[in-house]
Amino acid sequence: MERRPYFVLGDFGSNLLVGALVAVATGAVVGDAWPMALGMGLGMLLGDLIALPAAVALSMLFGAMELMLPLMLTGMVAGMAAGMAGTATALGTADGVVLGGVCGLVVCAGTYAFNGYLHARHRREQS
Amino acid sequence: MDIETRRKWDNAARGYALMNGRGPEWRWAPPKRRLFSEMSGRVLFLAVGPGLDIQFFPPGREIVGLDISPMMLEAAAPLAEAYEGTLELRLLDVHDLDEPTGSFDQAFTSCTFCSVPDPVAGLEAVRRVLKPGGSLGMFEHTGSRFFPFSAMLDVMTPLTWRFGPEMNRDTVANVTRAGFVDVRVEPVYLDVVKIIRAVAS
């Protein structure tokens, strides 16, 4: 379980940043007259298109799989959430930053929790 | 030698240290150092790449490091020379391992069997050159059993295989298929990055 501040801050900061970017970009593309499913699908696609190059670039600083997998998931989740919100009402930049940032933090916290669970299960099996 | 694979890793050599030399190596330093601290006797290391893992080798060991790529070995040469022990670098495809049967006490890998074209045949070759009871220690990334990570790694594999590894390999199953026994897995990150220990039968 990662506890070094450099990597923990890097993980959460990267997910916050990518989530915000994805949500803002999705909010700028999706219109409030769109069907919700279309907005969510496009948001998810846009999310991964933004998250993949971001993951490649940020992995040079913060690690490979540990960064790439949560970021790809953040891209999908933030894109879907912003796509859904954007079809209900016009999503402004500030709203997009908050929504995407929260999605990124939740995804990152979720992967930390799941990783912790898998390590705890392994320790239980060994004892 | 598999020329296509050699060309792929020659092409990757230029940017490999830039991509992996800082973040990933810093992040994986503690588990790699712990795994490689187990080195003893005559050790086979595959694939040595540009030598990023040499910094984690304990001093004073007798190690033969293989790689399929001359460009990678060229990058690794200064690091191998600086190693405080015996580290011989050899240009060799794991499928063509020509060492005598039972000539190594241990074999170690680091993100290797995600990209060996025929992983089971490669692992069988490793098992052959290990003494009976010799140990295999692997630091590898594999596919995942858990959604959505499994789907993400499946989707990424056709892209990454062109210039590097397959992201969804089941390396633990491959180790068993190659005839190793007492296979033990220690998670490093989720069920994707892991240390695999096994024994040559």
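Sequence lines set the chain letters: A, B, ... in the order given, protein chains first and strands last, and positions in each chain run from 1. Any value given below was found using the heavy atoms of this structure, including those in side chains, with hydrogens, waters and symmetry copies removed.
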Checking heavy atoms, do the side chain of [X], its backbone, both or neither come under 4.5 Å from chain A?
{"X": "B/Glu186", "value": "both"}
{"X": "B/Met152", "value": "side chain"}
{"X": "B/Leu153", "value": "side chain"}
{"X": "B/Pro187", "value": "both"}

Review point. By a 4.5 Å heavy-atom criterion (distance strictly below it), what part of A/Leu61 contacts chain B: side chain, backbone, both, or neither?
Key: backbone

Practice item. Under 4.5 Å heavy-atom distance to chain B, tell me which part of A/Tyr117 shows up: side chain, backbone, both or neither. Key: neither

Give every donor-acceptor pair under 3.5 Å between a side-chain atom in residues 34-48 of chain A and any protein atom, sequence neighbours left out.
none

Check your understanding: Of all of B/Asp191, B/Val188, B/Val193, which one pairs up most often with chain A through heavy atoms under 4.5 Å apart?
Key -> B/Val188

Please determine, among [options], the option with the most heavy-atom pairs under 4.5 Å with chain B.
{"options": "A/Arg121, A/Met76, A/Glu2", "value": "A/Glu2"}
{"options": "A/Asp11, A/Leu67, A/Leu58", "value": "A/Asp11"}
{"options": "A/Gln126, A/Glu125, A/His122, A/Glu66", "value": "A/Glu66"}
{"options": "A/Met68, A/Met72, A/His119", "value": "A/His119"}

With a 6.0 Å cut-off (strictly less than), is the heavy-atom count around [atom1] of [X], excluding the residue itself, greater than 12?
{"X": "B/Arg14", "atom1": "CZ", "result": "no"}
{"X": "B/Arg128", "atom1": "CZ", "result": "yes"}
{"X": "B/Glu124", "atom1": "CD", "result": "yes"}

Exercise for review: Report yes if the side chains of A/Leu118 and B/Tyr189 come closer than 4.5 Å at any heavy-atom pair, otherwise no.
Suggested key: no

**Study point:** Side chains of B/Trp26 and A/Phe7 in contact at under 4.5 Å (non-hydrogen atoms)
**Key:** yes

Study note, to complete from the structure: When rounded to the nearest 0.5 Å, the distance separating CE of A/Met65 from OG of B/Ser144 is 10.5 Å

Exercise for review: Calculate, to the nearest 0.5 Å, the distance between atoms OG and CZ belonging to A/Ser59 and B/Arg27 respectively.
Suggested key: 11.0 Å

Exercise for review: Describe, in one word, how the ring planes of A/Phe114 and B/Phe149 are oriented to each other, choosing from parallel (under 30°), tilted (30 to 60°) and perpendicular (over 60°).
Suggested key: parallel

